[in-house]
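The structure under discussion appears below in the form of structure tokens.
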Amino acid sequence: MGVEKSLILVKPDGVQYGHIGHVLSRIENRRYEIKALKMVNATKEQLCEHYSQLVDKPYYPGIEEFMISGPIVAIIAEGDEIIETFRKMAGPTNPSEAMSGTIRGDFARSWGPGPIKNVVHSSDSVESAEREIKIWFPERVNTEN
Ligand code: ADP
């Protein structure tokens, strides 16, 4: 535990519907430190790496199409036990199950068939965070902070 970094993405639906600021506010309101931030257009290669555990799922092509449908905002945020806490702040994967007060519960809902559009991604473990930071911030590979 202790101080951790998490890789957080504001997904294309979050950017399109005006939730970049909401996500950043929630990170800052909990006094997590934003270490890096950028808007990017994801490539298919980045998404294959990022979702390496999902590439064989029947719904993966939909996720890929959704994630390249518009810009995303990539964030490295740091703080005590941020990984588990931010995942609670984001809420469950399916927005229908997300309570009000969570990011997904406040800003997302299920829109029929296709990929689940749920506004944010956040790393699920320290190992995932390290792996994902390299994918979205390759220029930082040799930096300590
Ligand atoms: P999380 O983003 O909550 O960590 P997962 O890692 O399981 O969830 O899935 C990654 C993303 O893939 C989800 O956020 C969602 O956008 C999409 N997804 C997951 N499961 C499904 C599904 N059964 N059908 C469509 N899209 C899905």
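Atoms within each ligand, like the ligands themselves, are counted from 1 in listed order.
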| Of Arg87, Met67, Gln53, which has the heavy atom at the shortest distance from atom 4 (O) of ligand 1? |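 It is Arg87 whose heavy atom sits nearest to atom 4 (O) of ligand 1.
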| said: Nearest non-hydrogen contact with atom 6 (O) of ligand 1 belongs to which option: Asp13, Leu54, Thr93? | reply: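 Nearest option to atom 6 (O) of ligand 1, by heavy atoms: Leu54.
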Checking a contact table here: which protein heavy atom is nearest [atom], and how many Å away?
atom	answer
atom 2 (O) of ligand 1	Arg104 NH2, 3.3 Å
atom 21 (C) of ligand 1	Tyr59 CE1, 3.3 Å
atom 17 (C) of ligand 1	Ile63 CD1, 3.5 Å

| query | Testing Leu24, Leu7, Ile20 for side-chain contact (heavy atoms from CB on, under 4.5 Å) with Ile75, which one passes? | reply |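 Running side-chain contact (heavy atoms from CB on, under 4.5 Å) over Leu24, Leu7, Ile20 with Ile75 returns exactly one hit, Leu24.
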Would you call [X] and [Y] a salt bridge, using N to O less than 4.0 angstrom?
X	Y	value
Glu84	Lys88	yes
Lys38	Glu139	yes
Glu28	Arg30	no

| task | Flag Asn118 as yes when one of its N or O atoms lies below 3.5 Å from any N or O atom of ligand 1, and as no otherwise. | result |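 Right, the criterion is met.
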| task | Could you tell me whether Ile116 and ligand 1 have an N or O pair separated by under 3.5 Å? | result |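 In this structure, Ile116 places an N or O atom under 3.5 Å from an N or O of ligand 1.
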| query | Is there a donor-acceptor pair under 3.5 Å between the side chain of Asp106 and the backbone N or O of Ser100? | reply |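 Here the side-chain-to-backbone pair does not exist.
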| field | Short side-chain to backbone donor-acceptor contact, Arg104 and Arg109, under 3.5 Å | value |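 Absent.
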| If you measure from CZ on Arg26 to CD1 on Ile103, what distance do you get to the nearest 0.5 Å? |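 Going from the CZ atom of Arg26 to the CD1 atom of Ile103 covers 5.5 Å.
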| field | Inter-residue atom distance Asn29.CG - Met89.CE, 0.5 Å rounding | value |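 The CE atom of Met89 is 8.0 Å from CG of Asn29, to the nearest 0.5 Å.
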| query | Can you find a non-hydrogen atom of Lys11 under 4.0 Å from ligand 1? | reply |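 Contact check Lys11 vs ligand 1: positive.
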| said: One residue to check: Asp124. Relative to ligand 1, which of side chain, backbone, both or neither has a non-hydrogen atom less than 4.0 Å away? | reply: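 None of Asp124 does.
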| message | Heavy-atom pairs closer than 4.0 Å: do any link ligand 1 to the side chain of Phe66, the backbone, both, or neither? | response |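 Within the 4.0 Å criterion, Phe66 makes no contact with ligand 1.
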| query | Quick one: which ligand 1 atoms are inside 4.0 Å of a heavy atom on Pro115? | reply |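 Taking each heavy atom of Pro115 in turn, ligand 1 has 25 (C), 26 (N) under 4.0 Å.
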